[in-house]
Structures are given as structure tokens and as C-alpha cells.
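Computed over heavy atoms, backbone and side chain alike; hydrogens, waters and symmetry mates excluded.
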Amino acid sequence: MTLTAEQQAVVRQLEGPLIVLAPVGSGKTRVLAERLLAAVSAGHEPRRCLCLTFTNRAARELRERIASLDSGSPGDVSRGAPLLTTFHSFCAGFLRQEAEHAGLRSDFSIYDED
């Protein structure tokens, strides 16, 4: 599958943060994976890269895509682990790490409708 011109522009923009907003099935996860590998190939440290998704499924798919695309080339993400997770998981981890400053216990629970 070839990237569209818009997707290629996202992959090429390697400096600074970037938000990709697009409908379901449009290739966001693939573009994030390609951008991460392009950034690492360009010399960015994988451990300093952060990719956030909204769902566990998308985060899992992103990890799988990175693993399948990364073949030990100069973009080898095994040089350090990039953080590939959901917004919720990232924020919960941050709050647990900084719980004292937020007036929380670090073992707080998160409840949802289930």
C-alpha cells in the first residue's frame, strides 16, 4: 500500500509534535509507524519518541506494525524503546508518577462505566 501525498507529508515532518486526525480505516496507524521509523532513521533516539492513540487496539496494532516494519535497519527501534500507548494509559502513568504533587495516592483506581 502506497502512502498518499498527505500521509507522506506526515512521515516527512520529523521535527516537533504532530497530531494526525483522520477517519477510521484511513491509515493513521501505518503513518505513525512509518513516521516513527523515519525519525529513528534520521537519528532521533527511539526512547525519546512518543506515539499516542485513543484505543488499546490501535496501540497494539502500532506496536505490531513497528515490529514488522523494523528489520534491523538504521531505523532499528531496538536501540531504545519508544513509548507506544494510549492517551489514557500515558496520563494514568504520569499521574501515578506525580501523584504526590497532584494530591493523589499513587495506587489510585480508575473506574469506568463497566
Side-chain angles (χ1 to χ4, degrees):
M1 180 174 167
T2 307
L3 297 176
T4 66
E6 292 85 1
Q7 291 170 326
Q8 290 174 12
V10 169
V11 170
R12 284 191 307 266
Q13 185 195 324
L14 300 180
E15 297 301 322
L18 179 71
I19 295 175
V20 177
L21 300 172
V24 173
S26 62
K28 293 180 297 295
T29 304
R30 179 165 185 252
V31 168
L32 285 174
E34 295 281 356
R35 183 173 189 247
L36 174 60
L37 292 176
V40 173
S41 291
H44 293 267
E45 292 182 56
R47 65 182 182 82
R48 295 189 53 145
C49 295
L50 170 66
C51 293
L52 298 174
T53 67
F54 281 105
T55 67
N56 288 323
R57 181 179 154 267
R60 186 173 41 256
E61 183 179 330
L62 182 57
R63 285 185 213 102
E64 291 168 359
R65 284 182 184 266
I66 291 295
S68 71
L69 291 172
D70 183 30
S71 61
S73 64
D76 186 358
V77 294
S78 66
R79 293 185 291 149
L83 184 52
L84 314 172
T85 190
T86 65
F87 284 96
H88 294 96
S89 177
F90 177 79
C91 291
F94 179 78
L95 283 174
R96 287 186 200 292
Q97 181 178 327
E98 301 296 328
E100 184 179 327
H101 299 292
L104 299 169
R105 292 181 12 204
S106 62
D107 64 345
F108 65 85
S109 296
I110 298 174
Y111 294 98
D112 62 17
E113 292 180 9
D114 291 338

* Asked: Hey, is the main chain of F108 close enough, under 3.5 Å, to the side chain of R96 for a donor-acceptor pair?
  -> yes
* Asked: If two hydrophobic side chains count as joined below 4.5 Å and joins carry through other members, does L50 share a cluster with F87?
  -> yes
* Report yes if some heavy atom in the side chain of T86 is under 4.5 Å from a heavy atom in the side chain of T55; otherwise report no. => no
* To do: Mark yes or no for whether K28, through its side chain, and P23, through its backbone, hold a donor-acceptor pair below 3.5 Å.
  => yes
* Structure fact -> Closest heavy-atom pair, T85 versus R63, reported as atoms and distance to 0.1 Å, is CA-NH2, 4.0 Å
* Structure fact -> Tightest non-hydrogen contact, residues R65 and A33, listed as CB-CB, 3.9 Å
* **Contact check, side chains of H88 and I110, non-hydrogen atoms, under 4.5 Å** => no
* Got more than 12 heavy atoms from elsewhere within 6.0 Å of CZ, F54? -> no
* Asked: Do the side chains of L52 and L83 join up, straight or via other hydrophobic residues, at under 4.5 Å, putting them in one cluster?
  -> yes
* Shortest non-hydrogen contact from L3 toward R30 -> CD2-NH1, 3.0 Å
* Report the distance from atom CG of L14 to atom SG of C49, rounding to the nearest 0.5 Å. => 9.5 Å
* **V20 reachable from V11 in the ILVMFWY side-chain graph, under 4.5 Å edges** => yes
* Structure fact -> Closest heavy-atom pair, Q7 versus T2, reported as atoms and distance to 0.1 Å, is OE1-O, 4.3 Å
* Going from CG on L21 to OG on S26, what distance comes out if it is rounded to the nearest 0.5 angstrom? -> 10.0 Å
* **Side-chain touch L62/L36, heavy atoms, less than 4.5 angstrom** => no
* Shortest non-hydrogen contact from A59 to T53? -> N-OG1, 3.4 Å
